**Student:** 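Below is the structure I would like to discuss, written out as structure tokens.
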Amino acid sequence: MAQENIILEHEKGIATIYINRPEKLNALNKVTIQELHETLQLIDENPDVRVIIITGSGEKAFVAGADIAEFADFSAEEGAQLAAKGQYLLFDYIEKMKTPVIAAINGFALGGGLELAMACHFRIASEKAKMGLPETSLGVIPGYGGTQRLSQIIGKGRAMEMILTAGMIDADTAKIYGLVNHVVPQEDLFSAYMTIATRIMKNSPVAISKAIEAVNANYISGVNGFDVEIKNFGDCFATDDFKEGTTAFLEKRKAEFKGK
Ligand code: COA
């Protein structure tokens, strides 16, 4: 599938998606969001892809936000549609994927860029990454889930401060806040995420997808996460992966899990 604004690489079960508009600091325009959606849909269904990495092309930016030039003259209705469509196609979509998605933040992650990273299942960052939700400086608010996910991840007080000041934080502060799990030198970002992805790949893909669903359940209003956990726990017992995992343990060998 030819893509204009993203590059997909697939190596030994790990798919890396590079958002590739470096001349615009990888800003998310309509085409990029659509391409990301189509690519993610395809690789989530591919049994050979066990972990997905999203990162930015070049050294300067992960994603510097939604493409400001595209929405500068929107009406209120068009603005609401932009947010709804983006959340549906990309941000909520990633959060619910059965394949783990890790954001490797290689530079600026601002606005929609930080929202994209927050929709991923977790984040690692290079030392030179800078993160923020600067939307209020443009006279708008985060619209791709930022007001909700930032509070969920770092707590309400810190989220309020970041959103209301429109300021940026550096990678070390993001780690203290729990916004990113690891901070590594820029040149080590690739090996850092490959190491984590390789560890994930040793585990049951079916159990992993059920765990993602159960953890997410805590954040869905009206859903009891403990009930989802009980159901998904039970479902695991009927899977080949469970048989393989427990048999391998008892036989003192490494489990060989099949694809998703
Ligand atoms: N949307 C559209 N274009 C963007 C963009 C965005 N979110 N972020 C950067 N760009 C473009 C710039 O317009 C510029 O394009 P040009 O060369 O055609 O003029 C190019 O990317 C390089 O950006 P520039 O601002 O010149 O780089 P810089 O090093 O001076 O500053 C940033 C870097 C990240 C501080 C700055 O680009 C910025 O503030 N971007 C917007 C961040 C933002 O508000 N995001 C939230 C959007 S809702």
Side-chain angles (χ1 to χ4, degrees), residues 3-7 17-37 54-95 103-120 123 125-154 158-174 177 179-180 183 186 189:
Q3 304 279 27
E4 197 181 317
N5 294 330
I6 64 172
I7 298 168
I17 297 175
Y18 294 87
I19 299 169
N20 187 38
R21 295 180 79 207
E23 73 292 350
K24 293 289 175 192
L25 304 189
N26 303 325
L28 289 178
N29 60 359
K30 240 166 58 182
V31 172
T32 311
I33 289 178
Q34 186 63 37
E35 288 182 355
L36 281 166
H37 173 77
I54 299 182
T55 192
S57 275
E59 293 220 330
K60 191 165 171 182
F62 173 74
V63 168
D67 192 320
I68 298 167
E70 259 188 7
F71 62 71
D73 59 2
F74 272 13
S75 66
E77 198 182 316
E78 287 169 318
Q81 275 169 10
L82 177 80
K85 195 165 178 203
Q87 290 191 21
Y88 169 75
L89 283 179
L90 189 58
F91 300 83
D92 290 354
Y93 189 84
I94 290 177
E95 188 168 70
I105 305 176
N106 57 310
F108 287 113
L110 301 174
L114 182 56
E115 289 171 303
L116 176 64
M118 292 193 294
C120 294
R123 292 145 292 284
S126 101
E127 280 170 351
K128 62 181 275 296
K130 291 255 182 343
M131 286 155 257
L133 292 179
E135 285 87 345
T136 59
S137 72
L138 298 166
V140 68
I141 68 166
Y144 287 146
T147 61
Q148 306 304 296
R149 290 197 183 93
L150 189 62
S151 320
Q152 288 168 0
I153 297 169
I154 70 172
R158 284 168 165 166
M160 281 286 193
E161 185 175 340
M162 279 182 69
I163 292 167
L164 304 189
T165 61
M168 288 186 213
I169 58 170
D170 62 17
D172 288 333
T173 308
Y177 282 8
L179 185 53
V180 301
V183 176
Q186 179 81 1
L189 191 60

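Atoms within a ligand are numbered from 1 in the order they appear, just like the ligands themselves. Residue numbers count from 1 along this sequence. This is a predicted model, so every value here is computed, not measured.
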**Student:** Go through it in stages, so that I can follow the logic: the residues are Asn29 and Lys24, the test is side chain to side chain contact (heavy atoms under 4.5 Å, CB included), and I'd like the CA-CA distance, side-chain angles, deciding distance and then a yes or no.
**Tutor:** CA-CA 10 Å; Asn29 60 359; Lys24 293 289 175 192; over 6 Å; no
**Student:** Run the ring pair (Phe, Tyr, Trp, His ring centres under 6.0 Å) test against Tyr93 and tell me which residues pass, sequence neighbours left out.
**Tutor:**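 His37.
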**Student:** Taking side chain to side chain contact (heavy atoms under 4.5 Å, CB included) as the definition, give me every residue that meets it alongside Glu59, ordered by chain and number, with sequence neighbours left out.
**Tutor:**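 Here the qualifying residues are Lys128, Gln186.
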**Student:** Note every protein N or O atom lying under 3.5 Å from an N or O atom of ligand 1, pairing the names and giving the distance.
**Tutor:**
from, atom 1, to, atom 2, distance (Å)
ligand 1, 1 (N), Ala66, O, 3.4
ligand 1, 1 (N), Ile68, N, 3.0
ligand 1, 7 (N), Ala64, O, 3.0
ligand 1, 7 (N), Ala66, O, 3.0
ligand 1, 15 (O), Lys24, NZ, 3.4
ligand 1, 18 (O), Lys24, NZ, 2.6
ligand 1, 29 (O), Lys60, NZ, 2.5
ligand 1, 45 (N), Ala64, O, 3.0

**Student:** Do the side chains of Met162 and Ile154 get nearer than 4.5 Å, heavy atoms only?
**Tutor:**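 In contact.
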**Student:** Could you list the residues that satisfy salt bridge (Lys or Arg N to Asp or Glu O under 4.0 Å) with Arg149, not counting sequence neighbours?
**Tutor:**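 By the salt bridge (Lys or Arg N to Asp or Glu O under 4.0 Å) rule, Arg149 matches Asp92, Glu95.
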**Student:** Working note: Ile33 + Lys85, criterion side chain to side chain contact (heavy atoms under 4.5 Å, CB included); need CA distance, chi angles, decisive distance, verdict.
**Tutor:** CA-CA 10 Å; Ile33 289 178; Lys85 195 165 178 203; over 6 Å; no
